[in-house]
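What follows is a set of notes on a single structure, which appears directly below.
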Amino acid sequence: MAPERSTGNRIGAEDIRRRKGGVPIVCLTAYSYPIARMLDPHVDLLLVGDSVAMVLHGHATTLGASLEMMIAHGQAVMRGSTKACVVVDMPAGSYEASPAEAVASARSIVGETGCQAVKLEGGVDMAAQIAAIVAEGIPVMGHIGLQPQSVEKDGGYKIKGRTQENIAALFRDAEAVEKAGAFSVVIEGTVATVASDITRHVAIPTIGIGASGDCDGQILVIDDMIGMTVDRVPKFVKEYAKLRDTISDAAARYAAEVRGRAFPGPDHVFSATSDKDKA
Ligand SMILES: Nc1nc(=O)c2c([nH]1)NC[C@@H]1CN(c3ccc(C(=O)N[C@@H](CCC(=O)O)C(=O)O)cc3)CN21
Ligand SMILES: CC(C)C(=O)C(=O)O
Ligand SMILES: [Mg+2]
């Protein structure tokens, strides 16, 4: 069983499941202790996404994520979170081969981080993996539609739900994930009307990203949401801050003050007499 940390009021996977059709479920990714501290009071769910490989480590795709990387970031986020439901992404190569491999990886993630749930990409093709992990007592979040771990197979990040055949496949995936016992499902990069229809079709909450405002919740990559992403951001992103500019400005002013010997000034050095009075 998952050694779920009993911090009293933490939101669990079953609490998220019960919010189907209610007040939208607020989700963001988080990869670090300070960001978890800042986001935890405001969100229902924090996802330690395998997007960390791209966003923080500079890999070209999420295929650069490893189990060790996910566990290290999961531990950092858990140290900074007391309230949110923390979900950790299962990285590519840690679960697809068999239900036994999926269970071993999920147990490792939950055992080493204390997170509330894991997430994996796939529908009909990964239903056996989801069912096996759930049978171990570990809650699973599904992820259908655009699946970044399939970027090479798909030949890019292609929006889903644009053909009748694909729409039917998306419904089969959503049904399979629900039937396998997932407590919720991310729908990524999917035509809005299709994501809306799937939301009404399944009994578990849908969490949209580049999907529909009708989903039961929304998620964005934190670095995108605060304007920290240095590469092009996807169309579905809204930047609620421009931290790129704030950080560039700070670095430029620091550089100018060091070069001009304006920093450090008297307030930021120690004198023989007054050091113990200073912070
Ligand atoms: N910083 C960041 N934010 C993300 O949300 C994110 C990542 N990275 N990396 C992994 C995936 C990739 N994501 C993406 C990236 C690009 C599009 C995109 O621009 N797609 C084209 C698709 C064209 C089509 O098939 O219609 C588009 O024009 O929207 C979508 C999702 C979302 N994920
Ligand atoms: C954005 C989401 C759903 C994700 O899987 C990630 O950040 O890795
Ligand atoms: Mg992911």
Side-chain angles (χ1 to χ4, degrees), residues 16 25-32 35-36 39 43-67 69-70 73-74 77 85-96 105 109 115 117-122 126 140-163 166-167 170 177 182 184-192 194-195 205-212 215-240 243-244:
I16 298 294
I25 302 161
V26 179
C27 314
L28 281 168
T29 73
Y31 315 116
S32 71
I35 292 284
L39 302 185
V43 305
D44 300 306
L45 185 148
L46 289 172
L47 172 69
V48 184
D50 58 349
S51 53
V52 69
M54 300 174 71
V55 171
L56 292 195
H57 293 262
H59 287 280
T61 71
T62 60
L63 300 175
S66 65
L67 209 46
M69 187 187 286
M70 298 314 302
H73 289 283
V77 167
C85 179
V86 176
V87 180
V88 176
D89 255 351
M90 299 189 72
S94 74
Y95 63 93
E96 305 93 319
S105 299
I109 290 170
C115 68
V118 297
K119 178 166 79 59
L120 60 82
E121 296 180 10
M126 291 298 138
V140 178
M141 176 179 254
H143 182 155
I144 66 168
L146 191 160
Q147 296 167 30
Q149 291 178 13
S150 301
V151 62
E152 293 176 351
K153 192 189 77 191
D154 289 359
Y157 299 117
K158 303 289 174 60
I159 300 306
K160 304 293 180 177
R162 288 196 161 139
T163 67
N166 186 244
I167 291 169
L170 286 169
V177 163
S184 63
V185 61
V186 166
I187 304 178
E188 176 166 0
T190 297
V191 169
V194 177
T206 61
I207 308 297
I209 172 165
S212 167
C215 289
D216 298 298
Q218 299 294 328
I219 188 163
L220 285 174
V221 167
I222 179 60
D223 289 63
D224 295 345
M225 195 278 285
I226 62 181
M228 276 278 282
T229 301
V230 291
D231 300 314
R232 190 190 294 104
V233 296
K235 162 192 158 69
F236 56 77
V237 169
K238 180 172 177 182
E239 294 185 331
Y240 286 82
L243 290 202
R244 273 184 309 271

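For ligands, and for the atoms within them, numbers begin at 1 and follow the listed sequence.
- Atoms of ligand 1 found under 4.0 Å from any heavy atom of Leu146 (numbered from 1 in listed order, with element): 30 (C), 31 (C).
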Please tabulate, for side-chain N and O atoms in residues 219-230, each donor-acceptor pair with protein atoms closer than 3.5 Å (sequence neighbours left out).
unit_1: Asp224; atom_1: OD1; unit_2: Thr229; atom_2: OG1; d: 2.4
unit_1: Thr229; atom_1: OG1; unit_2: Asp223; atom_2: O; d: 3.4
unit_1: Thr229; atom_1: OG1; unit_2: Asp224; atom_2: N; d: 3.2

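- At a heavy-atom cutoff of 4.0 Å, ligand 1 is contacted by no atom of Leu220, backbone or side chain.
- Near Thr29, the atoms of ligand 2 lying under 4.0 angstrom from a non-hydrogen atom of the residue are 7 (O).
- Of all protein heavy atoms, the one lying nearest to atom 2 (C) of ligand 2 is Leu47 CD2, 3.6 Å.
- For ligand 1, the atoms lying closer than 4.0 Å to a non-hydrogen atom of Met54 are 9 (N), 10 (C).
- In this structure, atom 8 (O) of ligand 2 lies nearest to the protein heavy atom Asp50 OD1, 2.8 Å.
- Between the side chain of His73 and the backbone N or O of Tyr31, at least one donor-acceptor pair lies under 3.5 Å.
- Of all heavy-atom pairs spanning Ala65 and Pro91, the tightest one is O-CB, 3.7 Å.
- Here the side chains of Met141 and Ile16 are not in contact, with every heavy-atom distance at 4.5 Å or above.
- In this structure, atom 33 (N) of ligand 1 has a protein heavy-atom contact shorter than 4.0 Å.
- Nearest non-hydrogen protein atom to atom 5 (O) of ligand 1 is Phe236 CZ, 3.4 Å.
- Inter-residue side-chain proximity for Lys158 and Leu146 is flagged as unmet; no heavy-atom pair is nearer than 4.5 Å.
- Atom 18 (C) of ligand 1 has its closest protein heavy atom at Tyr157 O, 4.2 Å.
- Residue contacts with ligand 2, taken as heavy atom pairs separated by less than 4.0 Å, involve Asp89 solely via side-chain atoms from C-beta onward.
- The protein non-hydrogen atom at the shortest distance from atom 1 (C) of ligand 2 is Ile209 CD1, 3.6 Å.
- Distance from atom 26 (O) of ligand 1 to its nearest protein heavy atom, with residue and atom name: Arg162 NH1, 2.2 Å.
- In this view, Ala117 and Val87, Pro139, Phe183 satisfy the side chain to side chain contact (heavy atoms under 4.5 Å, CB included) rule, not counting sequence neighbours.
- Formation of a donor-acceptor pair under 3.5 Å by the Glu188 side chain with backbone atoms of Ile159 is not found in this model.
- Under the rule for a side chain to side chain contact (heavy atoms under 4.5 Å, CB included), the partners of Gln149 that lie at least two apart in sequence or sit in another chain are Asp50, Thr62, Leu63, Ala92, Tyr95, Glu96, Glu121.
- Given atom 2 (C) of ligand 1, the protein heavy atom at minimum distance is Asp224 OD2, 3.4 Å.
- Rounded to the nearest 0.5 angstrom, Ile207 CD1 and Ile187 CD1 are separated by 9.0 Å.
- Taking all atoms of both residues into account, the shortest heavy-atom contact from Ile109 to Cys115 is CG2-SG, 3.9 Å.
- A donor-acceptor pair is defined here as one N or O able to donate and one able to accept, closer than 3.5 Å; such a pair exists between the side chain of Ser66 and the backbone of Met69.
- Residue contacts with ligand 2: Lys119 is included, with a non-hydrogen atom under 4.0 Å away.
- Annotation: side chain of Met126 is not in contact with side chain of Met90 (no heavy-atom distance under 4.5 Å).
- At the top of the distance list for atom 6 (C) of ligand 2, counting protein heavy atoms only, stands Ser51 OG, 3.3 Å.
- At the top of the distance list for atom 25 (O) of ligand 1, counting protein heavy atoms only, stands Ile159 N, 2.8 Å.
- Per-residue contacts place Gly49 under 4.0 angstrom from the following atoms of ligand 2 (heavy atoms of the residue considered): 6 (C), 7 (O), 8 (O).
- The closest donor-acceptor contact from the side chain of Ser105 to the backbone of Ser94 lies under 3.5 Å.
- The count of protein N, O or S atoms under 2.8 Å from the Mg ion (ligand 3) stands at 2, with waters excluded from the count.
- When heavy-atom distances to ligand 2 are checked against a 4.0 Å cut-off, Ile207 has no atom that comes that close, whether in backbone or side chain.
- Taken to the nearest 0.5 Å, the OG1 atom of Thr29 stands 6.5 Å off from the CG atom of Leu47.
- Proximity to Glu188 (heavy-atom distance under 4.0 Å) selects the following atoms of ligand 1: 11 (C), 13 (N), 32 (C), 33 (N).
- Between Lys160 and Asp154 there is a side-chain heavy-atom pair separated by less than 4.5 Å.
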